[in-house]
Enquirer: 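Shown below is the structure under consideration.
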Amino acid sequence: MSDMGQQIARAPGAEISWADFEKVVMVAGTVTRVEAFPEARKPAWKVWVDFGPYGERKTSAQIVALYGAAELVGRQIVGVVNFPEKQIGPFRSQFLLTGFATEQGVVITTLERPVPNGTRMA
């Protein structure tokens, strides 16, 4: 089984409470800009997203296997905005772009229909 298959087959973690889930701030945002990230160890994009009241934030995302820069701009995604910032090489990541790991690459979490930027996942 590949590493990805092992990750998918792993048992779920310990149960959490509703209060634990409420601590994770997952919100909708619209991708405003995407740039190459040649300094990254693994192929990645630099992605900027407008999260409405949470402001514009940037992240590094290893999603180049399935997404070109032009097709990401304007797309509404789901991000976690209350993790601490993380230094990734010369770039400072300010949120986590959510997605699902597959054998072909990470499939980003998108919305079925538009909602206002900053809308929190319920």
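Values below: every heavy atom of this structure, side chains too, minus hydrogens, waters and symmetry copies.
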Enquirer: Check the pair T30, V49 against side-chain contact (heavy atoms from CB on, under 4.5 Å), reporting the backbone distance first and the verdict last.
Expert: CA-CA 5 Å; T30 301; V49 175; 5.6 Å; no
Enquirer: Spell out, yes or no, whether I88 and F83 are grouped together once hydrophobic residues are joined by side-chain heavy atoms under 4.5 Å, including indirect joins.
Expert: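 No: no chain of side-chain contacts under 4.5 Å links I88 to F83.
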Enquirer: Counting C-beta onward and ignoring hydrogens, is there a side-chain heavy-atom pair between Y67 and V31 closer than 4.5 Å?
Expert: no
Enquirer: Show every salt bridge (charged side-chain N to carboxylate O under 4.0 Å, His left out) that has at least one partner inside residues 30-43, sequence neighbours left out.
Expert: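 Qualifying pairs: R33-E35.
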Enquirer: Heavy-atom distance under 4.5 Å between the side chains of P114 and Q76, does that happen here?
Expert: yes
Enquirer: For F37, which residues count as a ring-ring contact (aromatic ring centres under 6.0 Å, His included) partner, sequence neighbours excluded?
Expert: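 F37 satisfies ring-ring contact (aromatic ring centres under 6.0 Å, His included) with F91 only.
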Enquirer: Going hydrophobic residue to hydrophobic residue with side-chain gaps under 4.5 angstrom, can you get from V27 over to V24?
Expert: no
Enquirer: I'd like to know if the side chain of T59 pairs up with that of S93 as donor and acceptor (distance under 3.5 Å, no hydrogens or angles considered).
Expert: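 The criterion, which ignores hydrogens and geometry beyond distance, is satisfied for S93 and T59.
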Enquirer: List in chain and number order the residues that pass ring-ring contact (aromatic ring centres under 6.0 Å, His included) with Y54, two or more places apart in sequence or in another chain; answer none if no residue qualifies.
Expert: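 If we apply the ring-ring contact (aromatic ring centres under 6.0 Å, His included) test to Y54, skipping adjacent residues, there are no hits.
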Enquirer: Which residues pass the side chain to side chain donor-acceptor pair (under 3.5 Å) test with R120, sequence neighbours left out?
Expert: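 Not a single residue meets the side chain to side chain donor-acceptor pair (under 3.5 Å) criterion with R120.
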Enquirer: Any idea which heavy atoms bring V64 and P43 closest together, and the distance?
Expert: CG2-CB, 3.2 Å
Enquirer: With heavy-atom distances below 4.5 Å as the criterion, would you say the side chains of F51 and N117 are in contact?
Expert: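 F51 does not reach N117 side chain to side chain.
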Enquirer: Please check if any side-chain donor atom of D50 sits under 3.5 Å from a side-chain acceptor atom of T32, or the reverse.
Expert: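 Short answer, no.
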Enquirer: Report the distance from atom CZ of R92 to atom CD of Q87, rounding to the nearest 0.5 Å.
Expert: 5.0 Å
Enquirer: Testing the basics here: between V25 and N82, what is the closest heavy-atom pair and its distance to 0.1 Å?
Expert: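 In terms of heavy atoms, the two residues are closest at N-OD1, 3.0 Å.
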Enquirer: Mind checking whether L66 and Q104 have side chains closer than 4.5 Å, heavy atoms only?
Expert: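 Side chain of L66 against side chain of Q104, heavy atoms only: contact under 4.5 Å found.
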Enquirer: What residues, two or more places apart in sequence or in another chain, satisfy side chain to side chain donor-acceptor pair (under 3.5 Å) together with E15?
Expert: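 Residues passing side chain to side chain donor-acceptor pair (under 3.5 Å) with E15: none at all.
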Enquirer: Apply side-chain contact (heavy atoms from CB on, under 4.5 Å) to residues I108 and L97 and explain how you reach the verdict.
Expert: CA-CA 7 Å; I108 60 173; L97 177 62; 3.9 Å; yes
Enquirer: Can you list the residues that meet the ring-ring contact (aromatic ring centres under 6.0 Å, His included) rule with F21, with sequence neighbours excluded?
Expert: W18
Enquirer: M26 and V80: side-chain contact (heavy atoms from CB on, under 4.5 Å), yes or no, with the steps?
Expert: CA-CA 4 Å; M26 287 189 284; V80 177; 3.6 Å; yes
Enquirer: Heavy atoms only: give me the nearest A28-P116 pair and the separation to one decimal.
Expert: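 Here A28 and P116 meet closest at CB-O, 4.3 Å.
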Enquirer: Do V115 and M121 share a hydrophobic cluster, counting only Ile, Leu, Val, Met, Phe, Trp and Tyr and linking them when any side-chain heavy atoms are less than 4.5 Å apart?
Expert: yes
Enquirer: Do the non-hydrogen side-chain atoms of F100 and T109 ever get within less than 4.5 Å of each other?
Expert: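 A side-chain contact under 4.5 Å exists here.
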Enquirer: Taking Q94 for the side chain and K58 for the main chain, is one N or O donor matched with an acceptor at less than 3.5 Å?
Expert: yes
Enquirer: Would you say the side-chain atoms of E103 pair up with the backbone N or O of G105, donor to acceptor, closer than 3.5 Å?
Expert: no
Enquirer: Has T98 got a side-chain atom pairing as donor or acceptor with V78's backbone, closer than 3.5 angstrom?
Expert: yes
Enquirer: side-chain contact (heavy atoms from CB on, under 4.5 Å), that's the test. Do I63 and L72 meet it? Break it down for me.
Expert: CA-CA 10 Å; I63 56 174; L72 289 168; 3.7 Å; yes
